[in-house]
> 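My questions will all concern the structure given below.
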Amino acid sequence: MKFQYSPLPDVGEPLVKRLGRYPRVPDITWENCRWLGRWLGVLLLRLNYRLQVTGRIPTGDRVALVANHRSHLDTLTLLAALPGRERQRVVVLAAQDYFFNRLDRALAASLLCQAVAFDREQKTSLRSWYERLQAPQKNWILFYPSGSRKRTEVQVGLLKLLVRTGWRIVPVRLEGTERAWPVGRRFWRPGGSLQIHFFEAYAGMDVEPLLARLQQELA
């Protein structure tokens with residue numbers, strides 16, 4: 001039997017870029033690291049907070065979880081609310097200019113929260129995302145349409161792409177995280193409860209009714 005060795009296609013790229021890539025290049029080493037990081041992050045969250053989950057958790061492929069964003073704790077809270085099988089499918093879109101401009105932040109975002117890089121400053125990046133979202137995928141995406149913990153206005157660019165490429169949009173409202181880990185505080189405050197509510201999925205092709213729903217459900 002003859003074996004043929006082929007290096008991974010992203011070998012040679014900077015590690016920060018490899019960690020932020022979507023879709024990811026299959027790599028069993030990094031997948032195991034993410035499994036361990038995800039398990040550790042969810043365990044720490046559950047040891048520190050009581051989770052209250054309401055609504056119907058979605059099933060199936062190509063699900064986009066669209067949530068309000070007020071704290072660094074939001075992603076871990078939402079991941080902890082999901083069953084293990086669904087949790088491992090989630091890819092979190094994280095700000096490239098914040099999480100993927102330094103190796104330590106990129107490692108934390110990728111290993112603990114399954115994050116990939118999203119360029120929120122360049123509108124031209126949406127073109128490449130349109131192609132990537134059209135490709136057949138079975139994973140889920142977690143997306144914060146405000147783009148920042150300090151804003152509440154819904155940014156419609158990526159939201160339109162998700163709708164046009166056939167992703168099922170599931171609004172999710174998080175409460176309590178802004179008290180547990182406020183903006184500007186270095187570490188979280190343990191104790192108390194965090195609430196997660198899953199709303200019914202939106203499967204329409206018109207973004208305007210979706211925007212009206214999000215402004216009401218994520219407020």
Side-chain angles (χ1 to χ4, degrees), residues 34-59 63-95 98-99 105 107-116 118 120 139-156 158-159 162 168-202 210-219:
R34 288 191 185 92
W35 177 89
L36 182 61
R38 184 170 64 239
W39 178 84
L40 180 62
V42 169
L43 176 65
L44 287 173
L45 188 101
R46 288 184 176 277
L47 289 174
N48 283 278
Y49 302 100
R50 184 175 65 257
L51 295 186
Q52 298 175 338
V53 183
T54 55
R56 183 186 303 172
I57 295 177
T59 58
V63 172
L65 303 171
V66 178
N68 57 326
H69 191 24
R70 298 172 180 168
S71 167
H72 279 322
L73 211 54
D74 290 338
T75 298
L76 268 184
T77 301
L78 209 155
L79 291 177
L82 296 172
R85 181 175 180 273
E86 280 70 26
R87 186 185 304 142
Q88 69 179 3
R89 304 172 71 182
V90 176
V91 171
V92 183
L93 304 192
Y98 184 84
F99 289 103
R105 286 181 182 170
L107 283 168
S110 178
L111 301 187
L112 293 175
C113 297
Q114 306 177 181
V116 297
F118 178 74
R120 59 182 176 178
N139 61 271
W140 292 12
I141 282 178
L142 169 57
F143 164 54
Y144 299 109
S146 67
S148 168
R149 296 167 295 155
K150 300 176 183 178
R151 292 198 301 260
T152 57
E153 301 84 9
V154 173
Q155 309 295 310
V156 298
L158 187 62
L159 203 57
L162 289 165
R168 265 190 316 136
I169 310 294
V170 176
V172 184
R173 187 175 66 229
L174 300 160
E175 297 181 62
T177 54
E178 74 280 10
R179 294 189 297 274
W181 196 349
V183 174
R185 190 180 173 89
R186 192 169 183 183
F187 300 108
W188 65 32
R189 297 167 173 161
S193 65
L194 307 174
Q195 297 84 44
I196 309 99
H197 183 80
F198 293 89
F199 290 92
E200 289 299 314
Y202 178 81
L210 175 60
L211 287 176
R213 272 191 58 180
L214 293 179
Q215 287 171 356
Q216 182 179 16
E217 294 172 345
L218 303 189

> Restricting to non-hydrogen atoms, name the atom on L218 and the atom on V172 that form the minimum distance, rounded to 0.1 Å.
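Answer, listing the atom of L218 first, then V172: CD2-O, 3.3 Å.
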> Strictly distance-based, threshold 3.5 Å: is any side-chain N or O of R173 a donor or acceptor partner for the main-chain N or O of F199?
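Here the side-chain-to-backbone pair does not exist.
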> Indicate the atoms forming the closest heavy-atom contact of P58 with V63, along with that distance.
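In terms of heavy atoms, the two residues are closest at CG-CG1, 4.1 Å.
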> Would you call the rings of W188 and Y49 parallel, tilted or perpendicular, taking 30° and 60° as the class edges?
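Perpendicular: the ring planes of W188 and Y49 meet at over 60°.
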> Are any non-hydrogen side-chain atoms of L194 and L174 less than 4.5 angstrom apart?
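L194 vs L174: side chains apart.
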> Go through the steps to decide whether V66 and V170 satisfy the test side-chain contact (heavy atoms from CB on, under 4.5 Å), and finish with yes or no.
CA-CA 6 Å; V66 178; V170 176; over 6 Å; no
> Parallel, tilted or perpendicular: which fits the ring planes of W35 and W39, with parallel below 30° and perpendicular above 60°?
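Geometry flag for W39 against W35: parallel rings.
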> How far apart are the closest heavy atoms of R70 and D74, and which atoms are they?
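Looking at all heavy atoms of both residues, the shortest contact is N-OD2, 2.7 Å.
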> Is it the case that the side chain of R89 and the backbone of W140 share a donor-acceptor pair, with hydrogens and angles ignored and the cut-off at 3.5 Å?
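Not at all, since once roles are kept as given, no pair shorter than 3.5 Å links the two residues.
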> Could you tell me which non-hydrogen atom of Q114 sits nearest to which non-hydrogen atom of L79, and how far apart they are?
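That would be NE2-CD2, 4.5 Å.
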> Pair N68, T152 - check side-chain contact (heavy atoms from CB on, under 4.5 Å), show working.
CA-CA 8 Å; N68 57 326; T152 57; over 6 Å; no
> Does a side-chain heavy-atom distance below 4.5 Å link V90 with I141?
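V90 vs I141: side chains apart.
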> Could you state the interatomic distance from CG (L78) to NE2 (H69), rounded to the nearest 0.5 Å?
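Reported value, rounded in 0.5 Å steps: 11.5 Å.
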> Between R179 and R189, what is the shortest heavy-atom contact and its length?
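For R179 and R189, the tightest heavy-atom pair comes out as O-NH1, 3.4 Å.
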> Quick one: CD1 on I57 to CZ on F198, what's the gap to the nearest 0.5 Å?
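Here the rounded value is 5.0 Å.
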> What distance separates L211 CG from Y202 OH, expressed to the nearest 0.5 Å?
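Those atoms lie 8.5 Å apart.
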> Roughly how far, to the nearest 0.5 Å, is CD of E153 from OG of S146?
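If we round to the nearest 0.5 Å, S146:OG and E153:CD are 8.5 Å apart.
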> Determine, stepwise, if the pair Q195 / S193 fulfils side chain to side chain donor-acceptor pair (under 3.5 Å).
CA-CA 7 Å; Q195 297 84 44; S193 65; 2.8 Å; yes
> Measuring from atom CG of L76 to atom CG of L112, what distance do you get when rounded to the nearest 0.5 angstrom?
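Going from CG on L76 over to CG on L112, the span is 6.5 Å.
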> Roughly how far apart are Q88 CD and L82 CG, rounded to 0.5 Å?
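Reported value, rounded in 0.5 Å steps: 11.5 Å.
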> State whether the side chain of S71 and the backbone N or O of W181 hold a donor-acceptor pair below 3.5 Å, judged by distance alone.
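Present.
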> Is any side-chain heavy atom of L214 closer than 4.5 Å to a side-chain heavy atom of L159?
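Of all side-chain heavy-atom pairs linking L159 with L214, at least one is under 4.5 Å.
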> Identify the heavy atoms of F99 and A94 that sit nearest to each other, and give their distance.
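The pair with the smallest heavy-atom distance is CD1-CB, 3.7 Å.
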